[in-house]
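What follows is a set of notes on a single structure, which appears directly below.
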Amino acid sequence: MKQKLLTAIAATMMAASPALADLVIVDTSYRTGPYAANGIPFSDGYQDYFTLLNERDGGIGGEAVRVVECETGYNTEKGVECYEATKGEGALVYQPLSTGITYQLIPKATADGIPLHTMGYGRTSAKNGEVFKYVFNYPANYWDGASLAITHLVEQNGGSLDGKKVALVYHNSAYGKEPIRTLEGLAEKHGYELMLLPVDHPGQEQKSQWLQVRQQKPDYVLMWGWGVMNQVAIQEAVNIRFPMENFIGIWWSGSENDVKAAGEKANGYKALTFHNLGSDYPIYADIQKYVVDAGNAAGAGDQVGTVLYNRGMYAAMLAAEAIKTAQEMHGTADITSQQMRDGMENLEITEAKMAGLGLPNFGPEFKVSCQNHGGNGFGAVSQWDAAAGEFKLITEYYQSDQDVIQPLVAEDSAAFAAENGIEAGC
Amino acid sequence: MIYRESGDFSTTYSQDSQTFPIKFDRYRYYVLLVLAFAVVPFVINDYWVNAVFLPFLIYSIAAIGLNILVGYCGQVSLGTGGFMAVGAYACYKLMTAFPDVNIFFHIILSGGITAFVCVLFGLPSLRIKGFYLAVATLAAQFFLVWMFNRIGWFYNYSASGQINAPERTVFGVPVTGAETAPWAAYLFCLVFTVVCALVARNMTRGMQGRQWMAIRDMDIAAEIIGVNPLRAKLSAFAVSGFFVGLSGALFFAVYLGAVEVGEVFGISKSFLVLFMVIIGGLGSIFGSFAGAAFLVLLPVFLKNVLVGGLGWPTDLVEHMQFMIVGAMIIIFLILEPHGLAQLWRVAKEKLRLWPFPH
């Protein structure tokens with residue numbers, strides 16, 4: 001008995017079970033900790049889409065998808081543990097949903113030949129596929145986000161931001177620091193003054209930052225926040241009566257969880273997005289029928305249609321389309337992570353494709369190539385309508401300022417290549 | 001029965017005062033060392049290294065360092081995370097500034113730099129002690145993390161403020177960077193851990209250790225019998241800082257490879273190492289290992305059993321972990337305030353007398 005127990009324990013400790021002939025997708029989620037409010041809906045959306053494919057279509061190309069969930073708590077050490085524990089199962093792609101974990105995994109995943117998809121986060125210069133061969137950050141990255149926000153402000157001010165003051169409230173980590181370089185570059189171009197207000201992890205303590213906003217009266221505030229930091233920032237902005245329509249969050253600072261706590265006063269808060277919002281798409285009928293009503297929903301099943309649920313679903317859709325591309329390219333349904341990489345590199349998202357999937361007009365069209373792993377940088381601005389209780393798009397999709405971003409991408413990726421002895425090239 | 005003393009007769013003082021006076025214990029230790037050096041590297045894989053062995057070895061060094069300060073010298077410190085960060089950033093600066101020097105020396109030098117910083121923050125210990133000192137070292141924790149986040153020079157002005165360990169080799173074998181083989185990383189850390197444990201053990205049972213313990217037990221009495229409190233306290237801070245710095249450097253360079261100071265070396269790291277010392281046993285080198293093993297392995301074990309074995313939802317397991325680990329800490333502190341080391345000591349006593357307890 002004792003020996004049996006010991007063998008059972010040893011077997012579970014080994015964790016790496018034999019790889020089954022499935023398409024294995026790892027969901028490194030976080031449903032606990034200060035970032036859980038935003039981690040849960042994303043993970044639910046990510047899993048539900050694959051569940052839908054399994055239930056409705058019998059998987060992708062006839063091959064069932066197996067989603068392995070691993071809790072990271074947005075903590076890098078746990079993220080590394082998750083990666084090591086799950087890569088042996090034949091994981092096709094990782095979506096770490098954390099810039100910190102992404103930085104850890106870039107060298108490891110590259111050495112193991114497993115692609116990373118860091119959609120709208122992670123290391124921005126990974127857009128340069130010649131250096132970062134296994135990292136993809138399509139359809140848009142932080143620097144696109146910074147540029148999109150400034151372009152929106154330039155438009156609102158009739159073409160010039162001369163003499164304006166823009167504050168950046170950011171998470172004091174790799175994630176929050178990413179846009180600074182771009183915003184500095186754009187400040188030279190458009191003539192605004194940039195004011196930096198770092199907020200330390202996890203972000204509940206922001207009194208002094210908002211005191212500074214009150215004193216120095218910036219015309220606009222941009223925010224790079226995540227998790228509990230967003231709620232607190234919006235509440236603080238409401239408290240000092242900062243005009244909400246002059247407050248723009250990056251796409252990770254624009255979900256219902258972030259604004260609802262501040263109530264009616266948060267009305268008018270803006271956030272960027274690289275995909276469409278709401279649940280007015282044909283695919284939601286299928287999700288309701290095959291996933292929610294069938295009792296297969298991930299988590300509590302109460303997040304369907306929220307901003308981050310949509311984003312998780314969008315990430316899963318992009319992964320599934322890359323799998324399809326890889327299956328076509330290599331003529332096999334049971335692809336490997338290497339083939340998955342090829343599929344991601346040759347991914348093309350068109351309007352017809354999205355409409356066919358039940359997501360018409362859901363996101364911008366883009367095409368990934370060996371040189372460009374980051375898409376074209378299209379995004380739009382959404383605004384919170386407190387009465388309706390939803391974010392609504394208020395602009396068309398427009399492109400970020402590539403003249404400013406491309407040289408920065410080239411510079412940063414060249415530095416990375418030199419540091420790590422990588423020979424760039426396709 | 002298992003622990004036999006018959007036949008173990010000490011005839012000299014050196015025999016009597018050796019680390020493992022019982023022959024059985026000593027051989028067990030040799031066998032363990034042979035296993036660790038000659039067997040484990042051949043069977044180890046990525047998962048075991050990154051999830052179990054590296055954190056265990058590295059946290060053990062940190063726990064030994066903190067144990068010297070808190071357990072042996074009685075100076076309560078909450079600055080461990082900050083001092084680990086000093087080791088990590090020192091290592092990063094040295095690695096990038098002198099790429100041709102062997103990483104081995106960089107890590108040792110990082111320990112030296114941390115020792116210096118630790119002494120600086122230890123200076124207040126001459127005037128204050130107990131909770132007040134804990135608060136002073138807490139200031140070190142926050143100040144150091146703030147500084148590494150704030151001053152670009154420390155992270156070579158990289159866009160994200162992260163530091164990344166470039167590839168460095170020992171005898172041509174990479175020990176940092178992505179191409180590191182599991183056995184190489186493991187052996188590299190193992191060498192440091194074993195040497196640290198030996199050094200710490202011998203320091204703590206010699207004159208230096210006796211001075212620390214005298215200060216811990218009653219500083220005024222210690223001063224009267226001729227212990228210089230300034231030297232004793234500051235040497236404890238220096239030695240402790242050296243070990244903690246080593247562990248920080250290894251943590252960054254070998255284990256994680258990239259570090260974001262606020263998250264990795266935050267206040268929670270200080271608490272974690274302090275818990276290791278308390279659970280393992282204050283004033284015991286073995287306790288440092290036991291505490292590190294307990295707090296590193298228990299969560300991984302629970303996760304593998306509950307998620308991998310029983311298929312529970314991951315968030316439920318995560319919350320269960322908090323509760324189980326928390327409850328275990330409380331239970332330990334109530335049932336055995338001297339930690340795992342004391343439990344082990346009692347178990348050995350019993351086994352030596354078995355089957356004739358009195």
Side-chain angles (χ1 to χ4, degrees), chain A residues 8-9 11-17 27 29-33 36 40 69-71 73-78 80-85 87-88 99-100 103-112 123-125 171-178 180-181 198 200-201 299 408 412 415-416 419-421, chain B residues 45-52 54-55 96 142 145-146 149-150 155-156 158-167 176-180 182 251 255-264 266 268-269 296-297 299-301 303-310 313-319 321-322:
Chain A
I9 289 170
T12 42
M13 280 292 278
M14 281 300 286
S17 56
D27 178 21
S29 62
Y30 34 97
R31 295 168 180 275
T32 61
I40 291 168
E69 188 171 6
C70 191
E71 169 75 33
Y74 201 72
N75 174 301
T76 42
E77 283 163 64
K78 282 188 193 156
V80 170
E81 203 258 333
C82 272
Y83 172 78
E84 296 294 350
K87 78 175 182 195
T99 299
Y103 268 80
Q104 305 292 327
L105 293 188
I106 285 174
K108 288 184 205 289
T110 306
D112 292 330
R123 185 166 189 142
T124 304
S125 59
H171 194 264
N172 200 358
S173 65
Y175 157 51
K177 284 176 187 164
E178 281 280 337
I180 294 176
R181 208 174 263 189
D200 279 323
H201 160 90
L408 290 173
D412 196 62
F416 182 83
E419 239 176 65
N420 293 279
Chain B
N45 64 16
D46 263 346
Y47 178 71
W48 279 93
V49 162
N50 281 313
V52 176
L54 285 191
T96 47
F142 287 116
V145 167
W146 172 84
N149 225 334
R150 171 87 191 167
Y155 50 85
N156 287 359
S158 72
S160 58
Q162 283 228 346
I163 54 174
N164 288 282
E167 182 173 297
T176 66
E179 298 297 332
T180 310
F251 201 82
Y255 176 39
L256 285 182
V259 157
E260 200 169 20
V261 64
E263 202 221 332
V264 174
S268 54
K269 192 110 306 171
V296 169
L297 300 185
V300 174
F301 176 74
K303 184 176 146 179
N304 281 329
V305 170
L306 297 180
V307 177
L310 301 176
T314 51
D315 49 342
L316 177 68
V317 170
E318 185 75 12
H319 289 131
Q321 267 181 31
F322 280 122

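Every chain is numbered from 1 and lettered A, B, ... according to where its sequence line falls, protein lines coming before strand lines. Being a predicted model, the structure only gives us computed values, none of them experimental.
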Nearest heavy atoms of A:T32 and A:E71, plus distance in Å: OG1-OE2, 2.8 Å
Answer yes or no: is there an ion pair linking B:D46 with A:K87, defined by an N-O contact shorter than 4.0 Å? yes
Is it the side chain or the backbone of A:F416 that comes within 4.5 Å of chain B heavy atoms, both, or neither? neither
Closest approach of B:E263 and A:T76, non-hydrogen atoms and distance? OE2-N, 3.1 Å
Quick one: which of B:N50, B:V49, B:T96, B:V317 has the most heavy-atom pairs under 4.5 Å with chain A, could you say? B:N50
As an exercise: rank A:C82, A:G33, A:S173 by heavy-atom pairs under 4.5 Å with chain B and give me the winner. A:S173
Can you confirm whether the side chains of A:E178 and A:T124 place a donor and an acceptor under 3.5 Å from each other? yes
Give, as side chain, backbone, both or neither, the part of B:V259 having an atom under 4.5 angstrom from any heavy atom of chain A. backbone
With a 4.5 angstrom heavy-atom cut-off, could you sort out which part of A:D412 is near chain B: side chain, backbone, both or neither? side chain
Report which part of B:F142 has an atom under 4.5 Å of a heavy atom belonging to chain A: side chain, backbone, both, or neither. neither
Considering only heavy atoms and a distance below 4.5 Å, find which of A:H201, A:R123, A:E69 pairs most often with chain B. A:E69
Is B:E260 salt-bridged to A:K177, going by a charged N under 4.0 Å from an acidic O? no
With a 4.5 angstrom heavy-atom cut-off, could you sort out which part of A:Y83 is near chain B: side chain, backbone, both or neither? neither
Minimum heavy-atom separation for B:P166 to B:T176, with atom names? O-OG1, 2.7 Å
